[in-house]
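Notes for the one structure printed next.
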Amino acid sequence: MLTGVTDGIFCCLLGAPPNAVGPLESVESSDGYTFVEVKPGRVLRVKHAGPAPAPTPPPPLSDAAQGDQSGLVRCQRRITVYRNGRLLVENLGRAPRADLLHGQNGSGEPPAALEVELADPAGSDGRSVPGSAGSGSGGRRRRARRPKRTIHIDCEKRITSCKGAQADVVLFFIHGVGGSLAIWKEQLDFFVRLGYEVVAPDLAGHGASSAPQVAAAYTFYALAEDMRAIFKRYAKKRNVLIGHSYGVSFCTFLAHEYPDLVHKVIMINGGGPTALEPSLCSVFNMPTCVLHCLSPCLAWSFLKAGFARQGAKEKQLLKEGNAFNVSSFVLRAMMSGQYWPEGDEVYHAELTVPVLLVHGMHDKFVPVEEDQRMAEILLLAFLKLIDEGSHMVMLECPETVNTLLHEFLLWEPEPSPKALPEPLPAPPEEKK
């Protein structure tokens, strides 16, 4: 801690940020890492691994030629946004939510309609809109207002089992603030052994990626464009996005931008479906040199809040996973750059991709109520709770997390009754 305080004092005196990392050149390393230049001078380290390329299989038959209706889902939904800040989500078709929830933390059919209040019900001028919460129930009842906008979703999606031996499946792992691709070590090793192709980048300023000393390099939009470049470089026909914490927002962004390429999404301790906005009253708003002085305290606080236990094993996991091991400048810029007003409830309700939500019950950063709200908003989603896990559940309970992820990859919905083949007629009886 004394070293951190001393470095912070020199930082204040010299006006230079500590632990500055210069840009790296785009190179292919011998240890399985690739350095991808997403923009001039902006280089990300990427872990890309998988089985050896197999001979090209013959092209699959079309659905009509196969006559196979398995995994075919009709997504029908109407989303109505009212001017008083209310959101009405109506599920018009049969979604395979009951199949997803079978044997998980929940049961039963999803509600036909869900009405929620948006996080920001105020009007564009900042004043409370008449008819919104707080106008009082004792006054005269107002006429129902016309919708501000209505969104209709009507499409068919084929959700199939993603097996490791299939060459068109790629798993993308995206970490959150303060982490690195090292937090996915257990998951990367597990799925590579099963024959999957995996891709895990270091966000800018994290791990071995370049760390620009400009705050604008760490806004949500800048990082999202980085992830878009990585996705377009490695994506195949069926891609699965796995995100943790802040990384879930980038998975949501990619799933919204590429609905035909993103096959499934897994959100681990990602929080609720609300727009991102940096907090004005946060310790991360302090000057960089002050944050550097406090870095040992911040690391200890992260250990207590991010892990269910704080023993020697957890400390070693924190060190090996490089969690919260970024410069003070990058950490401050990352936290202040989390501005994404488009990522609200409506944005998430528009997703038609199946989603697995994993939540560690001891998480002190993300309350379980936020993930429950996310499960309600999403069309094809279910929530799995891990009692012994916390925010870093993939490090604390790797076997449990790996099993859940693998089961979800192999899952496909049961065909609807109309899609079931008709039984063959019985053979005619022989005449004697």
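Nothing here was measured: the structure is a model prediction, and the numbers come from that model.
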Give the C-alpha distance, both sets of side-chain angles, the deciding distance and a yes or no for side chain to side chain contact (heavy atoms under 4.5 Å, CB included) between L405 and V240.
-> CA-CA 10 Å; L405 268 58; V240 182; over 6 Å; no
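- A 4.5 Å side-chain heavy-atom check between Q76 and N91 finds every atom pair outside the cut-off.
- Rounded to the nearest 0.5 Å, atoms CE (M392) and SG (C397) are 12.0 Å apart.
- Among E412, K264, H263, the single residue meeting the side chain to side chain donor-acceptor pair (under 3.5 Å) criterion with T160 is H263.
- Residues in residues 166-175 take part in these side chain to side chain donor-acceptor pair (under 3.5 Å) pairs, two or more places apart or across chains: Q166-R238, D168-R238.
- The aromatic rings of Y347 and W340 stand perpendicular to each other, their planes meeting at an angle above 60°, with 30° marking the opposite boundary.
- Side chain of T403 to backbone of E399: a donor-acceptor contact under 3.5 angstrom is found.
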What do the steps show when you test L404 against I386 for side chain to side chain contact (heavy atoms under 4.5 Å, CB included), and what is the final call?
-> CA-CA 10 Å; L404 287 175; I386 301 180; 4.0 Å; yes
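- Listed by first and then second residue, the side chain to side chain donor-acceptor pair (under 3.5 Å) pairs involving residues 243-253 are S245-H391 (not counting sequence neighbours).
- Here the CD1 atom belonging to I153 is positioned 6.0 Å from the CD atom belonging to E350, to the nearest 0.5 angstrom.
- No donor-acceptor pair closer than 3.5 Å links the side chain of K39 to the backbone N or O of E225.
- In this structure, E396 contributes its side chain and G389 its backbone to no donor-acceptor pair below 3.5 Å.
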Assess whether side chain to side chain contact (heavy atoms under 4.5 Å, CB included) is satisfied between Q187 and I242, documenting all intermediate values.
-> CA-CA 10 Å; Q187 287 70 46; I242 302 122; over 6 Å; no
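- Between E197 and K236, some side-chain heavy-atom pair lies under the 4.5 Å cut-off.
- Between the side chain of D202 and the backbone N or O of L181 there is at least one donor-acceptor pair closer than 3.5 Å.
- Here F382 and W411 keep their ring centres 6.0 angstrom or further from each other.
- Distance alone, capped at 3.5 Å, places no donor-acceptor pair between the D371 side chain and the V368 backbone.
- Contact annotation: the side chain of F231 approaches that of V262 to within less than 4.5 Å [non-hydrogen atoms, C-beta and beyond].
- Side chains of F172 and P201 form no contact here, defined as non-hydrogen atoms less than 4.5 Å apart.
- Interatomic distance, H348 NE2 to T274 OG1, rounded to the nearest 0.5 Å: 7.5 Å.
- Taking the side chain as every heavy atom from C-beta outward, V401 and E186 never approach each other to under 4.5 Å.
- By the 4.0 Å N-to-carboxylate-O rule, R193 lies too far from D189 to be salt-bridged with it.
- Residue D260 holds its CG atom at 11.0 Å from NZ of K237, rounded to the nearest 0.5 Å.
- Listed here is the closest heavy atom pair of A381 and L378: CB-CB, 3.7 Å.
- For the pair K384 (side chain) and L356 (backbone), a donor-acceptor distance under 3.5 Å is absent.
- Residue E277 qualifies as open at atom CD: its count of foreign heavy atoms under 6.0 Å is 12 or below.
- Scanning both residues, I174 and W184, for their nearest heavy atoms gives O-CZ2, 3.4 Å.
- In terms of heavy atoms, Y221 sits closest to P341 at OH-CD, 3.3 Å.
- Across every non-hydrogen atom of A211 and G205, the tightest pair is CB-CA, 3.7 Å.
- H406 meets the side chain to side chain contact (heavy atoms under 4.5 Å, CB included) test with F190, F191, L194, Y196, L410; sequence neighbours excluded.
- Of all heavy-atom pairs between C251 and V265, the closest is CB-CG1, 4.2 Å.
- Side chains of R78 and T80 form a contact here, defined as non-hydrogen atoms less than 4.5 Å apart.
- Under the 4.5 Å side-chain criterion, counting only non-hydrogen atoms from C-beta, L171 is not in contact with C162.
- Although no hydrogens or angles enter the test, the distance criterion places no donor-acceptor pair under 3.5 Å between the side chain of T34 and the main chain of V36.
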Please report the C-alpha distance between M334 and V326 in whole Å, then the side-chain angles of each, then the deciding distance to 0.1 Å, and finally whether the side chain to side chain contact (heavy atoms under 4.5 Å, CB included) criterion is met.
-> CA-CA 10 Å; M334 288 285 293; V326 297; over 6 Å; no
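- In this structure, the side chain of K157 engages the main chain of P259 through a donor-acceptor pair within 3.5 Å.
- A donor-acceptor pair is defined here as one N or O able to donate and one able to accept, closer than 3.5 Å; such a pair exists between the side chain of E370 and the backbone of G272.
- Here the side chains of V89 and E345 are not in contact, with every heavy-atom distance at 4.5 Å or above.
- Between H48 and the options Y33, Y234, F173, F35, a ring-ring contact (aromatic ring centres under 6.0 Å, His included) holds for only Y234.
- Within the 3.5 Å criterion, the main-chain N or O of A204 finds a donor-acceptor partner in the side chain of H206.
- For the atom pair I377 CD1 and L87 CG, the distance stands at 5.5 Å (nearest 0.5 Å).
- Note that CG of L380 and CZ of R77 are 8.0 Å apart. Values are rounded to the nearest 0.5 Å.
- Scanning both residues, I159 and V73, for their nearest heavy atoms gives CD1-CG2, 3.9 Å.
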